[in-house]
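Below: the structure, in structure tokens.
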Amino acid sequence: MDRKQERAFEKFVAESGDDLLRLATLLMSDRGLGEDVYQETLHRLAARWSRVDSPRAYCRQVMHNIVIDQLRVRGRQVPEIRLADAYDNSDPRDGDPAAAAELRPALLAALRTLTPQQRTIVVLRYFDDRSENDVAELLGVSPGTVKSTASRAMAHLRAQPGISGLFAMTGTGPMTRKVRYA
């Protein structure tokens, strides 16, 4: 990598690093493991920097591949999800820490019941606020697969005890981009 490419890479990391780390943490369900995925992703990106047209899309695809590979290695064991580690200041009950503390364990338990593909799609669509087409392109699947998988995953989450009333869909269609907390 020449000096100009190094500066461009450093600028990309400075601008996108926090978002990519947050995504890796959500996908791995652990801050430490997320940091490992993030570092591996940046290492792979640096090796191919001059050939990558869309670095953010490349990073998301690499992260997805690493997560799936690691889940396969661990016998498809889904790790515990820690949203608090990924979104240190996020709060699903509009600033009410007590309500958030009560809901978080139920939400985390429900998210652990999703398949790796469902979890990845839910994280990319709703936590990372990506369109169906963006997620489809990142994962190499059709937009219809993203839509049906997200729909099944959200229906599954809504049916889980303790969080059935947590999610309410906004908009007019059967599956819209935003999920709001009820």
Side-chain angles (χ1 to χ4, degrees), residues 12-13 15-30 33-34 37-38 40-42 44-45 48 51-72 76 78-79 81-83 85-87 90-92 94 103-104 106-160 163-182:
F12 169 77
V13 172
E15 291 173 354
S16 303
D18 290 341
D19 291 339
L20 293 172
L21 178 57
R22 186 177 303 115
L23 177 62
T25 300
L26 282 169
L27 290 171
M28 287 308 295
S29 308
D30 179 84
L33 294 174
V37 169
Y38 171 72
E40 176 63 21
T41 300
L42 292 181
R44 291 183 189 186
L45 176 63
R48 291 175 177 77
R51 297 180 303 244
V52 174
D53 293 329
S54 176
R56 286 182 71 87
Y58 178 83
C59 288
R60 291 170 196 283
Q61 182 64 53
V62 167
M63 284 182 190
H64 170 71
N65 292 343
I66 292 171
V67 169
I68 295 300
D69 289 347
Q70 288 188 6
L71 290 174
R72 284 184 190 134
R76 302 189 62 76
V78 179
I81 296 172
R82 292 183 180 155
L83 295 179
D85 288 347
Y87 289 95
S90 69
D91 193 308
D94 295 328
L103 290 173
R104 189 166 279 125
L107 177 60
L108 299 180
L111 288 171
R112 281 193 299 272
T113 65
L114 297 176
T115 67
Q117 183 182 29
Q118 287 175 329
R119 246 173 88 195
T120 300
I121 288 174
V122 166
V123 167
L124 291 173
R125 283 278 290 131
Y126 302 109
F127 289 97
D128 205 33
D129 197 27
R130 292 289 187 180
S131 71
E132 289 166 355
N133 289 335
D134 288 346
V135 174
E137 186 177 322
L138 288 171
L139 302 181
V141 299
S142 72
T145 298
V146 172
K147 183 182 265 189
S148 63
T149 301
S151 178
R152 281 192 302 274
M154 292 305 291
H156 179 78
L157 289 174
R158 282 189 212 100
Q160 294 300 303
I163 66 164
S164 59
L166 182 61
F167 296 107
M169 300 307 293
T170 61
T172 57
M175 194 58 157
T176 59
R177 289 192 73 198
K178 296 282 187 180
V179 174
R180 68 172 173 81
Y181 292 99

- Item | Distance in Å, Arg60 CZ paired with Leu23 CG, rounded so as to fall on 0.5 Å steps | 5.5 Å
- Message: Looking at every heavy atom in both Ile121 and Ala150, which two are closest together, and how far apart are they?
- Response: CG2-CB, 3.9 Å
- Note on the structure: With sequence neighbours left out, the residues meeting side chain to side chain contact (heavy atoms under 4.5 Å, CB included) with Gln118 are Leu114, Thr115, Thr149, Arg152, Ala153
- Reported NZ-to-CG distance for the pair Lys147 and Asn133, which is rounded to 0.5 angstrom: 9.5 Å
- Message: Can you confirm whether Arg56 sits close enough to Asp19 that some side-chain heavy atom of one is under 4.5 Å from a side-chain heavy atom of the other?
- Response: yes
- Note on the structure: Residues Tyr38 and Ala24: closest non-hydrogen pair is N-CB, 4.1 Å
- Spatial distance of atom CZ (Arg22) from atom OG1 (Thr25) [nearest 0.5 Å]: 9.0 Å
- Message: Using the side-chain hydrogen bond (donor to acceptor under 3.5 Å, both in side chains) criterion, which residues pair with Ser148? Sequence neighbours excluded.
- Response: none
- Task: Quick one: pull up CG in Leu20 and CE in Met63 and give me the separation to the nearest 0.5 Å.
- Result: 4.5 Å
- When rounded to the nearest 0.5 angstrom, what is the spacing between CG in Leu42 and SG in Cys59? 6.0 Å
- Between the CD atom in Glu137 and the OG atom in Ser54, the distance rounded to the nearest 0.5 Å is 7.0 Å
- Can you check whether Arg130's main-chain N or O pairs, donor with acceptor, with Arg125's side chain at less than 3.5 Å? yes
- Message: Holding to side chain to side chain contact (heavy atoms under 4.5 Å, CB included), I want the full list of residues that pass it with Val62, two or more places apart in sequence or in another chain.
- Response: Thr41, Arg44, Tyr58, Ile66
- Closest non-hydrogen atom pair, Ala136 against Pro143: CB-N, 3.6 Å
